[in-house]
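Order of the sequence lines sets the chain letters (A, B, ...), proteins ahead of strands, with each chain counted from 1. Here the structure is a predicted model, which means the values were calculated and not measured.
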Amino acid sequence: MPEILEIEYYRLLAETALGREILSIEADQLASKRLETGIALTDIFSGLRFVAARRIGKLLVFDTEGPCFGLRFGMTGGLVVDGVAAIKGLTYGSESIEEKWVRARVTFQDGGTLALHDPRRLARVLVDPDEEALGPDALSLTLTQLKTALKSRGEGPALKARLLDQSAIAGIGNLLADEMLWRAALSPLRGAATLSEPELRRLHRHLRVTLDELFKRGGSHTGDHMEARHPGGMCPKDGQAFFRQAVGGRTTYWCPKHQS
DNA sequence: AGTCGTCCTCGGCCGC
DNA sequence: TGCGGCCGAGGACGAC
C-alpha cells in the first residue's frame, strides 16, 4: 500500500507533469467524493499548469497559479504519467495497470495524461486540500517534533496508534510503523507518552534509518520484518513467534520477546 | 481524547 | 481440477 515512500516516488514522477497546460480533468464519483458538488474539475483547472509537485505525508499536492490540486492514494492508489507508472506494483494492489481502474485523469494540451489508478477505490481527488490538518512530515521529522507528536495528558494512545495518526506525524502507514517499532525494540502497545528520553532518541533514530533504507530499497514493503509478516511468522531477530493483533485498528505483527 | 466501524474492491484461500 | 463464496487488507473519516 502506498505510504510516505511510495508517495515520494509518485512526487518524483509527477515532476514530469509540471509546466504543461491542462486541458481537462475527469474523476469518477467516488474519487470526487470529497469535492464540492456541481463544480467540474475541468472548469477549475482548464488552462492552468501545475507549477510544483509537493508532498506532505501521504498527500500529493500540485500547485497551480490558481487552486491546488490534491491526490490521496488510499490503499491501492498509484500514479501514471504519460502511460508510465511510478512503481510496478503495490503489496496489496494489482501488478497490472488497467484502464478500468483509472479513477481520475488529467489531460494536458500536449496530449499527455496524468492518471490516478486505484483498483480498490479508496483514493480521492481534492481541491485545495487541508494541509494544516497534517502533522510534520515523517521524512524530515526532528527529535523535537517526535516528542511533541507523542505528548499526551496521560499515557496517551497506543504508541503505534499515534504513529499512524496523520495529524500527529504525516506519512507513516501500517507497514512502516511495524518495521520501525520492531527495529527500535518498542512495543506497539506502549502508551505514546510513556517513552523515556533514551527511548525517544532510539525511536527517532530508527524512524529516520527505516525511512532512509526502505526508500533506497524500493518501498515500505521492503522492511526486514516483512518476511515474518504472516500468521505463524517468527521474529527474524530472535526466532520468537510474532504476535498478531489489531493495534490502532490495524493488523499488527510484533515480537513479544524483544519489543517492550 | 481515543477507539471503532465503515467505505470499497480484489486477491487469496477455504471447502465441496 | 474447478468453482463459488467468504474474509481480510489498507488509509481516512465520521460516529460515539
By nearest atom, which of the nucleotides [options] is closest to the [X] side chain?
| X | options | result |
| --- | --- | --- |
| Lys33(A) | dC7(B), dG2(B), dT9(B) | dC7(B) |
| Lys58(A) | dA12(C), dT9(B), dA9(C) | dA12(C) |
| Gln166(A) | dG11(C), dA12(C), dG14(C) | dA12(C) |
| Pro119(A) | dA12(C), dC8(B), dC10(B) | dC10(B) |
| Arg34(A) | dT9(B), dG14(C), dA9(C) | dG14(C) |

Minimum heavy-atom distance Ile172(A)-Gln166(A), with the two atoms named: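 Ile172(A) and Gln166(A) have their closest heavy atoms at O-NE2, 3.0 Å.
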Heavy atoms under 4.0 Å, any strand shown: does [X] hit a base, just sugar-phosphate, or nothing?
| X | answer |
| --- | --- |
| Arg103(A) | nothing |
| Leu164(A) | nothing |
| Gly156(A) | sugar-phosphate |
| Gly249(A) | nothing |

For the base of dA9(C), is there a side-chain donor-acceptor partner from Arg250(A) under 3.5 Å away?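 Side chain to base: no pair below 3.5 Å.
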Does the dG11(C) base have a donor-acceptor partner in the side chain of Arg72(A) within less than 3.5 Å?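 Between dG11(C) and Arg72(A), which were checked side chain against base, a qualifying N/O pair under 3.5 Å is absent.
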Enclosure of Glu65(A) CD (heavy-atom neighbours >12, cutoff 6.0 Å):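 No.
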Roughly how many Å is it from [atom1] in [X] to [atom2] in [N], rounded to a whole number?
| X | N | atom1 | atom2 | result |
| --- | --- | --- | --- | --- |
| Phe73(A) | dC13(C) | CZ | C1' | 19 Å |
| Lys160(A) | dC4(B) | NZ | P | 14 Å |
| His230(A) | dG12(B) | NE2 | C1' | 15 Å |
| Arg121(A) | dC8(B) | CZ | C1' | 8 Å |
| Ile172(A) | dA12(C) | CD1 | C1' | 16 Å |
| Glu3(A) | dG11(C) | CD | C1' | 10 Å |
| Asp165(A) | dA12(C) | CG | P | 10 Å |
| Asp178(A) | dA9(C) | CG | C1' | 13 Å |

Check whether any side-chain nitrogen or oxygen of [X] sits under 4.0 Å from OP1 or OP2 of [N], and answer yes or no.
| X | N | value |
| --- | --- | --- |
| Thr76(A) | dG11(C) | no |
| Trp101(A) | dT9(B) | no |
| Arg120(A) | dG11(B) | no |

Using the six-membered ring wherever Trp is involved, compare the ring planes of [X] and [Y] and label them parallel, tilted or perpendicular (cut-offs 30° and 60°).
| X | Y | answer |
| --- | --- | --- |
| Tyr9(A) | Phe215(A) | parallel |
| Trp254(A) | Phe243(A) | perpendicular |
| Tyr10(A) | Phe73(A) | perpendicular |

Do Gln259(A) and Trp182(A) have side chains that get closer than 4.5 Å, going by heavy atoms?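 Yes, their side chains come closer than 4.5 Å.
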